[in-house]
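The structure under discussion appears below in the form of structure tokens.
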Amino acid sequence: MVFKQSVRNWCDEAAHHVAISCSGLPGSSGLLEREGSGDGFWLDVIWDRWDRVSRTFIFPWGHMVPSLEDVARIMGLRVDGEAVTGVTYADYTDLTQQLLGLEPFGQDDHERRMVRRVALLESLGLAGVRQKADELLPAFVERAAGLARATYGQDAEDTVRADWDLRRFLVFFFGKMMFTTKGDGIHCHFLELLDDLTRVGRYAWGAALLAHTFADLSTGTGRETTVWSYYYLPLGRATEVDPIAVPLARRWLPLVSTATYSFQLDVLRRHVRDFPALL
């Protein structure tokens with residue numbers, strides 16, 4: 001029970017990031033940010049600097065690369081502990097029914113490995129939740145996060161349902177926020193690790209996130225830019241909403257600009273070239 005409570009406390013923090021995902025902006029969702037969210041211009045500039053041979057970002061002043069320390073400081077995730085590893089199955093139907101109380105995405109070979117994003121959002125009380133026209137992003141994030149916190153694990157006496165709620169939250173958080181994926185389906189390859197909820201907090205999720213980052217960038221399939229660039233390259237691409245927030249990911253929200261793509265791209269490339277002379 002103590003371990004489960006610690007996981008639920010961690011989920012309270014993660015609810016903030018899930019709420020940001022519902023706004024359609026990258027916000028401070030993790031070490032990575034998804035393409036097409038609020039800061040695609042910055043993504044293109046950073047991506048151009050990635051070198052697949054040295055596996056580093058090459059800038060005019062030297063090489064930079066995310067580290068385990070960055071993951072720990074930015075995300076607040078542990079970088080030591082049990083390895084995040086296991087077997088990927090061809091069919092997760094039995095596991096999704098047993099551990100989530102849900103059916104898989106569909107019946108073909110690929111869909112039996114996934115669950116629907118909408119089904120998970122419904123269990124979090126966030127299905128259809130959108131930012132109002134006159135609502136500022138920080139206010140919306142707090143409202144949506146409050147809905148998520150108030151929904152999962154409502155009936156403490158129904159331990160099976162409470163565990164389902166917690167696993168659904170974690171599957172969504174890992175599949176959409178931490179190890180970002182596109183589309184309506186969320187892969188269940190982490191689900192077996194969530195069978196025993198007392199062990200979830202023992203895994204080195206931060207180390208897994210860093211490995212995922214390098215693999216995504218080095219294979220050329222990466223569609224992300226790193227949140228750590230807001231910290232190490234303060235070029236005005238994010239609005240600092242809380243300068244003392246910990247973990248660091250909660251300090252910023254992305255800058256939204258109406259300038260043209262080519263203009264922003266040109267300005268950012270010049271700023272990166274001249275950095276750190278701009279400081």
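What you see is a predicted model; the values in this text were computed from it and never measured. Numbers here are sequence positions counted from 1.
Scored by the side-chain hydrogen bond (donor to acceptor under 3.5 Å, both in side chains) test, Asp91 finds Thr93, Arg112 as partners (sequence neighbours excluded). Applying the side-chain hydrogen bond (donor to acceptor under 3.5 Å, both in side chains) rule to Ser54 yields the partners Asp51, Thr56; only residues at least two apart in sequence or on another chain are considered. Residues forming a salt bridge (Lys or Arg N to Asp or Glu O under 4.0 Å) with Glu103 (at least two apart in sequence, or on another chain): none. Annotation: salt bridge (Lys or Arg N to Asp or Glu O under 4.0 Å) contacts of Arg273 (sequence neighbours excluded): none. Residues that satisfy the salt bridge (Lys or Arg N to Asp or Glu O under 4.0 Å) test with Asp242, not counting sequence neighbours, are absent from this structure. Remark: Asp134 pairs with no residue by the salt bridge (Lys or Arg N to Asp or Glu O under 4.0 Å) rule, at least two apart or across chains. Under the side-chain hydrogen bond (donor to acceptor under 3.5 Å, both in side chains) criterion, Asp94 pairs with no residue at all, not counting sequence neighbours. Legend: residues meeting ring pair (Phe, Tyr, Trp, His ring centres under 6.0 Å) with Phe190, ordered by chain and number and at least two apart, are Phe174, Phe179, Trp205. For Arg113, the side chain to side chain contact (heavy atoms under 4.5 Å, CB included) test picks out Ala90, Tyr92, His187, with sequence neighbours left out. Residues satisfying the side-chain hydrogen bond (donor to acceptor under 3.5 Å, both in side chains) test with Arg73, not counting sequence neighbours, are Tyr231.
Contact of the Glu122 side chain with the Val118 side chain is registered, since non-hydrogen atoms from C-beta on lie closer than 4.5 Å. By the 4.5 Å heavy-atom criterion applied to side chains, Phe105 and Asp184 are counted as neighbours. Two residues are said to be in side-chain contact when any heavy atoms from C-beta on lie closer than 4.5 Å; Tyr203 and Val84 meet this criterion. At least one side-chain heavy atom of Tyr89 sits under 4.5 Å from a side-chain heavy atom of Leu95. In this structure the side chain of Asp70 never reaches within 4.5 angstrom of the side chain of Leu210, judged on heavy atoms. Two residues are said to be in side-chain contact when any heavy atoms from C-beta on lie closer than 4.5 Å; Gln97 and Leu102 fail this criterion. Using a 4.5 Å heavy-atom threshold, the side chains of Phe275 and Pro60 count as separate.
For the pair Asp266 and Arg270, the salt-bridge criterion is met [side-chain N within less than 4.0 Å of a carboxylate O].
A continuous path of ILVMFWY side-chain contacts below 4.5 Å connects Leu121 to Ile186, so both sit in one hydrophobic cluster. The cluster map of Ile, Leu, Val, Met, Phe, Trp and Tyr, joined by side-chain heavy atoms under 4.5 Å apart, puts Leu191 and Met114 in different clusters. Clustering ILVMFWY residues whenever any of their side-chain heavy atoms sit less than 4.5 angstrom apart, transitively, puts Val45 in the very cluster that holds Trp47. Residues Trp50 and Val71 fall within the same hydrophobic cluster, defined by Ile, Leu, Val, Met, Phe, Trp and Tyr side chains chained together at heavy-atom separations under 4.5 Å. Side-chain heavy atoms closer than 4.5 Å link hydrophobic residues (I, L, V, M, F, W, Y) into clusters, and following such links, possibly through other members, connects Phe214 to Ile74.
For the pair Arg49 (side chain) and Phe59 (backbone), a donor-acceptor distance under 3.5 Å is absent. Side-chain N or O atoms of Arg78 include one that pairs as donor or acceptor with a backbone N or O of Gly201 at under 3.5 Å. Using a distance-only test at 3.5 Å, with no hydrogens or angles considered, a donor-acceptor pair links the side chain of Arg251 to the main chain of Pro243.
When every heavy atom of Pro66 is checked against every heavy atom of Phe57, the shortest pair comes out as CD-CE1, 4.2 Å. The nearest pair of heavy atoms linking Leu193 to Val200 is O-CG2, 4.2 Å. Here the closest heavy-atom approach between residue Gln98 and residue Trp164 is recorded as O-NE1, 3.1 Å. Across every non-hydrogen atom of Val115 and Cys188, the tightest pair is CG1-SG, 3.7 Å. Taking each heavy atom of Arg55 and Val65 in turn, the nearest pair found is O-CG2, 3.8 Å. What you find for Gly81 and Ala204 is that their closest heavy atoms are N-CB, 4.0 Å.
When hydrophobic residues (I, L, V, M, F, W, Y) are linked wherever their side-chain heavy atoms come within less than 4.5 Å, the members clustered with Phe263 are Val267. Hydrophobic clustering, defined by side-chain heavy atoms of Ile, Leu, Val, Met, Phe, Trp and Tyr closer than 4.5 Å, leaves Val53 isolated from every other such residue.
Annotation: the span from Leu268 atom CG to Asp48 atom CG amounts to 11.0 Å, rounded to 0.5 Å. Atom CG in Asp165 sits 10.5 Å away from atom CZ in Arg167 (nearest 0.5 Å). Atom CG of Asp195 is separated from atom CG of Leu99 by 5.0 Å, given to the nearest 0.5 angstrom. Going from atom CG of Leu194 over to atom CD of Glu192 covers 10.0 Å, rounded to the nearest 0.5 Å. How far CH2 of Trp61 is from CG of Asp274: 9.5 Å, rounded to the nearest 0.5 Å.
Side-chain atoms of Tyr230 and Glu240 include no donor-acceptor pair closer than 3.5 Å.
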Inset, instruction - Could you walk me through whether Leu233 and Ile46 pass the side-chain contact (heavy atoms from CB on, under 4.5 Å) test, one step at a time? - result: CA-CA 10 Å; Leu233 303 175; Ile46 294 296; 4.0 Å; yes
